[in-house]
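The next block holds one structure in the form of structure tokens; read it before the comments.
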Amino acid sequence: MTPPFFNLYQLCHIDIFQLSQNVEQLTIKQTIRKLMDSTITWSLGGSDPESEANFLRISQWWESLAGQEILWQQRPLSEESGNVAIDWSKQILDETFTIQNPSLRGITIYWMKPNNPEERNISVGYFQLNLFNQQLDILPSSGRSYQLRITLPKIVYQKIQLPNPQFGSITQANGDSIILFRDEAQRIEVQVDLSAENISVLKQKLSN
């Protein structure tokens, strides 16, 4: 059985010299920011090969809102407004409330408001999720001429979970190290750059 530890050459299929040249360009901040800046989209009837995975990630995000305060905005759409940027600045009819029981069943989102037993729903034709800004844009599937935006206003740190990933490392001449984690199933690769001091701290914590 192949062990989960590989040297960085085997894992990345690039040579160590090239990696060393790119160390300053590929920091953990850049890697995570790139992941969080990514916009996830899903369209009803679309042919994107990532459609199913995107739909699942959007569903997980939507359901994770349970019990959290959100900003709910709705803006009208028309043929004339197609080429005009929507004004998402806060307006009097925008709502802020703690969402209850959010779920996604089929292509329909469901939710409830506090102290209100009525379950509300909208069938969706298009999703666009911005992970960095924690915003979900929604276009209904048919018969409606408006767009919704649901925002999680508080600061949220995006959690990236890699169950039993492949990993490799390289130590530089000054003692600093690069650790690379890769999850083939999720197509996620995370690079962590650690100073020699932090490597020592990490070793101590792992040995406890």
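Looking at residues two or more places apart in sequence or on another chain, you find a salt bridge (charged side-chain N to carboxylate O under 4.0 Å, His left out) between Glu95 and Lys113. Not a single salt bridge (charged side-chain N to carboxylate O under 4.0 Å, His left out) links Asp48 to another residue, sequence neighbours left out. Asp183 meets the salt bridge (charged side-chain N to carboxylate O under 4.0 Å, His left out) test with no other residue; sequence neighbours excluded. For Glu50, the salt bridge (charged side-chain N to carboxylate O under 4.0 Å, His left out) partners are Arg187, not counting sequence neighbours.
Interatomic distance, Lys205 NZ to Asn198 CG, rounded to the nearest 0.5 Å: 10.0 Å. To the nearest 0.5 angstrom, Gln74 atom CD is 9.0 Å from Leu93 atom CG. Atoms CG and CD1, from Leu71 and Ile99 in turn, are 11.5 Å apart once rounded to the nearest 0.5 Å.
Between the Ser51 side chain and the Ser47 main chain, no donor and acceptor come within less than 3.5 Å of each other. A donor-acceptor pair under 3.5 Å is absent between the side-chain atoms of Asn101 and the main chain of Met112, judged by distance alone.
Between Leu194 and Ile199, the closest heavy-atom pair is CD1-CD1, 3.7 Å. Of all non-hydrogen atoms in Phe181 and Pro165, the two that sit nearest each other are CD2-CG, 3.9 Å. The nearest pair of heavy atoms linking Pro140 to Ile122 is CB-CG2, 4.4 Å. When all heavy atoms are compared, the tightest approach of Phe132 to Asn130 is N-OD1, 3.1 Å. The two atoms that bring Ser195 and Asp176 nearest to each other are CA-OD1, 3.3 Å, heavy atoms only.
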(message) Show, in sequence, the C-alpha distance, side-chain angles and deciding distance for Thr96 and Ile70, and conclude whether the side-chain contact (heavy atoms from CB on, under 4.5 Å) test is met.
(response) CA-CA 6 Å; Thr96 300; Ile70 63 164; over 6 Å; no
(message) If you apply the rule side chain to side chain donor-acceptor pair (under 3.5 Å), what do you find for Asp193 with Gln191, and how did you get there?
(response) CA-CA 7 Å; Asp193 297 344; Gln191 178 178 314; 2.9 Å; yes
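Atom CG of Asn164 is surrounded by 12 or fewer heavy atoms from other residues, nucleotides or ligands within 6.0 Å. With a 6.0 Å radius and a threshold of 12 heavy atoms from other residues, nucleotides or ligands, Glu52 has its CD atom at or below the threshold. With a 6.0 Å radius and a threshold of 12 heavy atoms from other residues, nucleotides or ligands, Asn174 has its CG atom above the threshold.
Applying ring pair (Phe, Tyr, Trp, His ring centres under 6.0 Å) to Trp42 and the options Trp62, Tyr126, Phe55 leaves one that passes, Phe55.
Between the side chains of Trp61 and Gln134, a donor-acceptor pair is found at a separation under 3.5 Å.
The shortest side-chain heavy-atom distance between Leu139 and Leu77 falls under the 4.5 Å cut-off.
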For residues 103-111, run the donor-acceptor check on the side chains, cut-off 3.5 Å, and write out each pair with its distance to 0.1 Å, sequence neighbours left out.
from	atom 1	to	atom 2	distance (Å)
Ser103	OG	Arg105	NH1	2.8
Arg105	NH2	Glu119	OE1	3.4
Thr108	OG1	Ser123	OG	3.0

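Contacts classified as salt bridge (charged side-chain N to carboxylate O under 4.0 Å, His left out) and involving residues 61-77 (residues at least two apart or in different chains) are given here: Arg75-Asp94.
Taking the centre and axis of the six-membered ring of Trp72, the NZ or CZ atom of Arg149 falls outside the cone set by 45° and 6.0 Å.
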